[in-house]
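What follows is a set of notes on a single structure, which appears directly below.
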Amino acid sequence: MLTFFEPQTKIQKDRQIIRDTDMRMAKYSRRGIVSNFTIYALCLLIEQNFIRQYPNLAIIFTIGLLLTTALRGYLLFRMDAIYPRAPTAWRNKYFAATLIGAAWWGLILSCLTLLMHMQGEAALMWLYTVVFFATTAHAFAPYQRFLSIYQLVVIVPAACCTFFSGGGFFGVFYGCILLFYYGILKHHCELISRNYWDRLEAHFILAKKAESLEEEKRDTIASTQLTNDYLQVLSHKMADLLSATPSVDENTPPTPVALANQRLAFETIYRNVDAFSRVIAKDVNIESRAFNIRHYVQSLVRGMVAEAEAKGIELESALSPALPARLLGDPKRIGQILSAMVKNTIEQSQGGLIFVEVEFVREFETSGLLHITIARQLENKRGVFVNESERGVAASLDLMVAKGLAEAMKGSLEINESGDKNGKHLRLRLPSTIAEKDSRQDYHRACYKGRHLMLVHPNPRWLDHKRMELDAMGFTVHTATRFGRAFQSLVEAVEAGKAMDCVVYYAASGDEQPVQFCNDLLGRADLKYIHQFIICSDVGQRFFAERMLQPSPSIHFVAKPSSIFEFEVRTYGLFRDPADDAEDKADSPPRAGRVIWMSNGKATDGPHWADPKLDIQVINDMRQIPKVLEGRGYRLVVVECAGSEDVDAIANIREQEQKHKPKSLVTIVGVGASNLELSVLNAGADHFLDIETLLTWDAHELHYWANGRSH
């Protein structure tokens, strides 16, 4: 296939530059197609010799020229609609249409030369052709290969016809002049093309240098401002530490406890200063591996729930249903930034509701911006920073380090006005890439269509976030802000023959209203079997369980923070229709090789289930996993983690997958002691189960993971 233009340099591969070049070519071509036909008609009508002698041929030439002009005109005047979808295709089509028109013009010129002997209409057409190519060839000059073909098709055949035009010496003389003109014009166009691209390249280099200098200037200003803010916060921190240090009395030496506390405080400041110095010096190692952003955020927030509850704060996450399951990035650094944001917000708050909102905005097919916002509604209406003068006092050293880390990761950590009386909130923006090629915009499946759910919480914002997540699962959600109203709605639904399938509500430690609501439901025969999903912390669960009238199989506790995963894994064995899942049918054959269980003989004794529908292959050497994974269609790898070696094994699996760039990544669940959770998730695991949870892990949850629900 003939290629009219093949980009060679970086400038020629730049989309915006090529677009501007195409627009420039199209602008001159629109003028040319109108003038071409007009001057052709004038040349034939001035003397009319050709029309009188060869009327049929004149009609054929005119109709052909009209058709080629119409074809080029369609591509030119419809460029705004066609070009954005396929620039290269439009360019090739237009070049092909232009060559067809050029060939037809060359045929007209050749026939006029042979029939009119370089007189009358032939001389006028040659004069216009020479002037046209000399003045407008610069429009096509950037595309030198096409322009050479274009000039060759029009000028050379017609110039050769002058040798046989019957003019004898003058015919040969005209032919030589025209061929010489073609050579000069071709060389002239090559110079125009070279100068055009050289000029653009020079401008491009200058623009890049200017952009680099501007970016360096912004970085310098930002680093200076960040350093000033950090030093201001550090000075306040040191002043507070010194003021809290007990006075030294010669007769009363400091106690060992006071010395230990003082040493710990100074060690913390030292580590923070060291981390900040590395950020400023850009001595930060940013890794890139596939990790489960949803479970990683949930794990971090879960670790701070107890601290928030101690200050009377409800800490919850709000993960967008469009947030991909896995991203490529550095989970450890993202976790460090997120932890600093949440801890700083908790420290500056007293009571209220704090949300960790996470969403992903796609800019291209597999990349976009990760947004993490710490938003809240506070009882005392005190913001993160009350005013700019208190910024250094309110901000923490960790938050300043987090801001520097965000900039090192090409992102930003901003302090924005929330627009209400709650002061300011924190927002992190990070450019991110989706880890899986076949990742969908919505990873979840609306598998609970037709199921009705009652959602109860006094805070409308909490209701909005959870309703969005439950809607994504397919539930028909009914909401209420008071338990009394929710109870009445449940009773009315039962009396109308449209009983709710479940009710979801929040329970805080010390709050008697959710306990009374639960007991009221259990006390009615027509409501006691409605599934109740109670969102609470471990402390809240113990408080709730002690005050329940009676244990019931319809009571299900969901750990905070709650999101789609927590709800779906709890409802997977309750509401799903077995007929919709062919893998769970009794008559379906076992799926061989679905689960790999990596057992080191230290954490557990291996799997505790004997399920004929799942083939669980136990291996004791991590080096066997790459070979076992090849071509067997495994979806789940369970790794028992007893130390750093097992954590490194998870990272190795992710690194191997990243090298081979599979369409879908295998799901990895880590099993081990609770203090290994963040390390396991940092290594790229999708989920973590501690030993105590593993012993109560139900078989249907294993099915949940093995059936490809990797979110």
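Everything numeric here is computed off the predicted structure, so don't read it as measured data.
With contacts defined as side-chain heavy-atom distances shorter than 4.5 Å, the pair Leu66/Phe37 qualifies. Counting heavy atoms from C-beta outward, Arg24 and Tyr196 have side chains that approach closer than 4.5 Å. With a 4.5 Å cut-off on side-chain heavy atoms, Pro431 and Leu369 count as touching. In this structure the side chain of Gln298 reaches within 4.5 angstrom of the side chain of Leu319, judged on heavy atoms. Contact annotation: the side chain of Phe61 approaches that of Cys111 to within less than 4.5 Å [non-hydrogen atoms, C-beta and beyond]. Counting heavy atoms from C-beta on, the side chains of Arg30 and Arg72 never come closer than 4.5 Å.
Checked against Tyr150 for a ring pair (Phe, Tyr, Trp, His ring centres under 6.0 Å), the options Tyr143, Phe133, Tyr94 give a single hit: Phe133.
Salt-bridge check for Glu190 with Lys186: passed, with a basic side-chain N closer than 4.0 Å to an acidic carboxylate O. Ion pairing of Glu287 with Lys332 is absent here, as no side-chain N (NZ or NE/NH1/NH2) approaches a carboxylate O to less than 4.0 Å. Taking a cutoff of 4.0 Å between a charged side-chain nitrogen and a carboxylate oxygen, Arg15 and Asp20 do not qualify as a salt bridge.
Remark: Phe132 pairs with Tyr128 by the ring-ring contact (aromatic ring centres under 6.0 Å, His included) rule, at least two apart or across chains.
Of all the heavy atoms in Thr667 and Asp686, the pair that sits closest is CA-OD2, 3.3 Å.
Listed by first and then second residue, the side chain to side chain donor-acceptor pair (under 3.5 Å) pairs involving residues 171-183 amount to none (not counting sequence neighbours).
Between Thr68 and Trp105, the side chains place no donor N or O within less than 3.5 Å of an acceptor N or O (distance only, hydrogens not considered). Side-chain contact check for Thr373 and Arg427: at least one donor-acceptor pair (N or O, by modelled atom type) lies under 3.5 Å.
Separation of the His371 and Phe360 ring centroids does not fall under the 6.0 Å cut-off.
A side-chain donor-acceptor contact under 3.5 Å links Arg294 to the backbone of Leu323.
With rounding to the nearest 0.5 Å, the separation of CE in Met23 from CE in Met25 is 10.0 Å.
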